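The model shown is predicted, which means the values in this text are computed figures rather than measured ones.
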Amino acid sequence: MPKRTDYRAAANRSAATPPRPREHARRTTPVRTTLDLTPELHMDLTAWCHTAAVKLHQPEVTKAAVLRELVRLLVVEPEGEDDRQLRAELSAYVELALLDQRD
(Lines give C-alpha, C1' and ligand atoms only; values in the text may rest on other atoms or scores of the structure.)
Protein backbone atom coordinates (compact mmCIF):
# COMPACT_ATOMS: atom_id res chain seq x y z
CA MET A 1 0.00 0.00 0.00
CA PRO A 2 1.40 3.46 -0.91
CA LYS A 3 2.34 5.76 1.91
CA ARG A 4 -0.11 8.58 2.46
CA THR A 5 1.09 12.17 2.86
CA ASP A 6 0.37 13.75 6.22
CA TYR A 7 -0.97 17.08 4.95
CA ARG A 8 -1.60 18.42 8.44
CA ALA A 9 2.04 17.87 9.46
CA ALA A 10 3.26 19.45 6.22
CA ALA A 11 1.06 22.51 6.82
CA ASN A 12 2.38 22.83 10.37
CA ARG A 13 6.00 22.68 9.15
CA SER A 14 5.43 25.35 6.51
CA ALA A 15 3.63 27.60 9.01
CA ALA A 16 6.56 27.32 11.42
CA THR A 17 9.05 28.63 8.85
CA PRO A 18 8.10 32.03 7.44
CA PRO A 19 8.56 32.41 3.72
CA ARG A 20 11.77 34.06 2.59
CA PRO A 21 11.24 37.55 1.25
CA ARG A 22 11.35 37.56 -2.50
CA GLU A 23 13.98 39.65 -4.16
CA HIS A 24 12.39 42.25 -6.37
CA ALA A 25 13.16 41.79 -10.01
CA ARG A 26 15.06 44.63 -11.59
CA ARG A 27 13.28 46.38 -14.39
CA THR A 28 15.14 46.01 -17.66
CA THR A 29 12.94 48.04 -19.99
CA PRO A 30 13.24 51.83 -20.19
CA VAL A 31 10.88 53.94 -18.11
CA ARG A 32 9.08 56.80 -19.83
CA THR A 33 9.03 60.11 -18.00
CA THR A 34 7.15 63.13 -19.27
CA LEU A 35 8.02 66.73 -18.60
CA ASP A 36 5.91 69.83 -19.06
CA LEU A 37 7.88 72.93 -20.03
CA THR A 38 6.76 76.48 -20.50
CA PRO A 39 6.79 77.54 -24.15
CA GLU A 40 9.81 79.77 -23.43
CA LEU A 41 11.82 76.95 -21.80
CA HIS A 42 10.89 74.60 -24.63
CA MET A 43 12.04 77.13 -27.21
CA ASP A 44 15.30 77.76 -25.31
CA LEU A 45 16.01 74.03 -24.98
CA THR A 46 15.29 73.49 -28.67
CA ALA A 47 17.65 76.34 -29.59
CA TRP A 48 20.33 74.92 -27.28
CA CYS A 49 19.98 71.50 -28.94
CA HIS A 50 20.37 73.05 -32.40
CA THR A 51 23.47 74.99 -31.29
CA ALA A 52 24.98 71.88 -29.70
CA ALA A 53 24.33 69.87 -32.87
CA VAL A 54 26.25 72.45 -34.93
CA LYS A 55 29.16 72.52 -32.44
CA LEU A 56 29.31 68.72 -32.32
CA HIS A 57 28.94 68.35 -36.11
CA GLN A 58 25.88 66.15 -35.55
CA PRO A 59 22.71 66.22 -37.63
CA GLU A 60 20.65 66.46 -34.44
CA VAL A 61 20.89 66.62 -30.65
CA THR A 62 17.61 65.49 -29.14
CA LYS A 63 16.05 66.95 -26.02
CA ALA A 64 15.78 63.43 -24.60
CA ALA A 65 19.54 62.87 -24.98
CA VAL A 66 20.27 66.18 -23.24
CA LEU A 67 17.91 65.39 -20.36
CA ARG A 68 19.38 61.87 -20.00
CA GLU A 69 22.88 63.33 -19.66
CA LEU A 70 21.71 65.90 -17.12
CA VAL A 71 20.09 63.14 -15.03
CA ARG A 72 23.27 61.05 -15.26
CA LEU A 73 25.29 64.03 -14.03
CA LEU A 74 23.04 64.30 -10.98
CA VAL A 75 22.70 60.64 -10.01
CA VAL A 76 25.47 58.43 -11.44
CA GLU A 77 28.57 58.15 -9.29
CA PRO A 78 31.35 60.10 -11.04
CA GLU A 79 34.70 58.48 -11.75
CA GLY A 80 37.22 61.31 -11.47
CA GLU A 81 37.76 64.12 -9.00
CA ASP A 82 36.72 66.74 -11.57
CA ASP A 83 33.49 64.83 -12.17
CA ARG A 84 32.81 64.64 -8.42
CA GLN A 85 33.28 68.38 -8.07
CA LEU A 86 31.03 69.07 -11.07
CA ARG A 87 28.36 66.76 -9.65
CA ALA A 88 28.53 68.41 -6.22
CA GLU A 89 28.25 71.90 -7.73
CA LEU A 90 25.43 70.90 -10.05
CA SER A 91 23.55 69.17 -7.22
CA ALA A 92 23.92 72.22 -4.98
CA TYR A 93 22.75 74.52 -7.77
CA VAL A 94 19.66 72.38 -8.50
CA GLU A 95 18.81 72.13 -4.80
CA LEU A 96 19.01 75.93 -4.42
CA ALA A 97 16.90 76.43 -7.54
CA LEU A 98 14.27 74.05 -6.15
CA LEU A 99 14.24 75.94 -2.85
CA ASP A 100 13.72 79.21 -4.73
CA GLN A 101 10.78 77.67 -6.60
CA ARG A 102 9.02 76.92 -3.30
CA ASP A 103 8.85 80.56 -2.30
- With hydrophobic residues grouped by side-chain heavy-atom distances under 4.5 Å, do M43 and L35 end up in a single group? no

- Query: L98, L90: one ILVMFWY side-chain cluster at the under-4.5 Å cut-off?
  - Reply: yes

- Return the set of residues passing side-chain contact (heavy atoms from CB on, under 4.5 Å) with R26 (not counting sequence neighbours), or none when no residue passes. none

- Mind checking the CG-CG spacing from L73 to L86? Nearest 0.5 Å is all I need. 5.5 Å

- Contacts of Q85 that satisfy side chain to side chain donor-acceptor pair (under 3.5 Å) - sequence neighbours left out: E89

- Sequence neighbours excluded, the answer for side-chain contact (heavy atoms from CB on, under 4.5 Å) partners of H42 is L37, T46, K63

- Task: With sequence neighbours left out, write down each residue that passes side-chain contact (heavy atoms from CB on, under 4.5 Å) with E77, or none if nothing qualifies.
- Result: R84, R87

- Message: Can you give me the closest heavy-atom contact between V31 and R27, atom names plus distance?
- Response: CG2-NE, 3.4 Å

- Task: Following the transitive rule for hydrophobic clusters with a side-chain heavy-atom cut-off under 4.5 Å over Ile, Leu, Val, Met, Phe, Trp and Tyr, establish whether L67 and V75 coincide in one cluster.
- Result: yes

- Item | For V66, side-chain contact (heavy atoms from CB on, under 4.5 Å) partners two or more places apart | L45, W48, C49, V61, L70

- Query: Which pairs count as salt bridge (charged side-chain N to carboxylate O under 4.0 Å, His left out) when at least one residue sits in residues 34-53, sequence neighbours excluded?
  - Reply: none

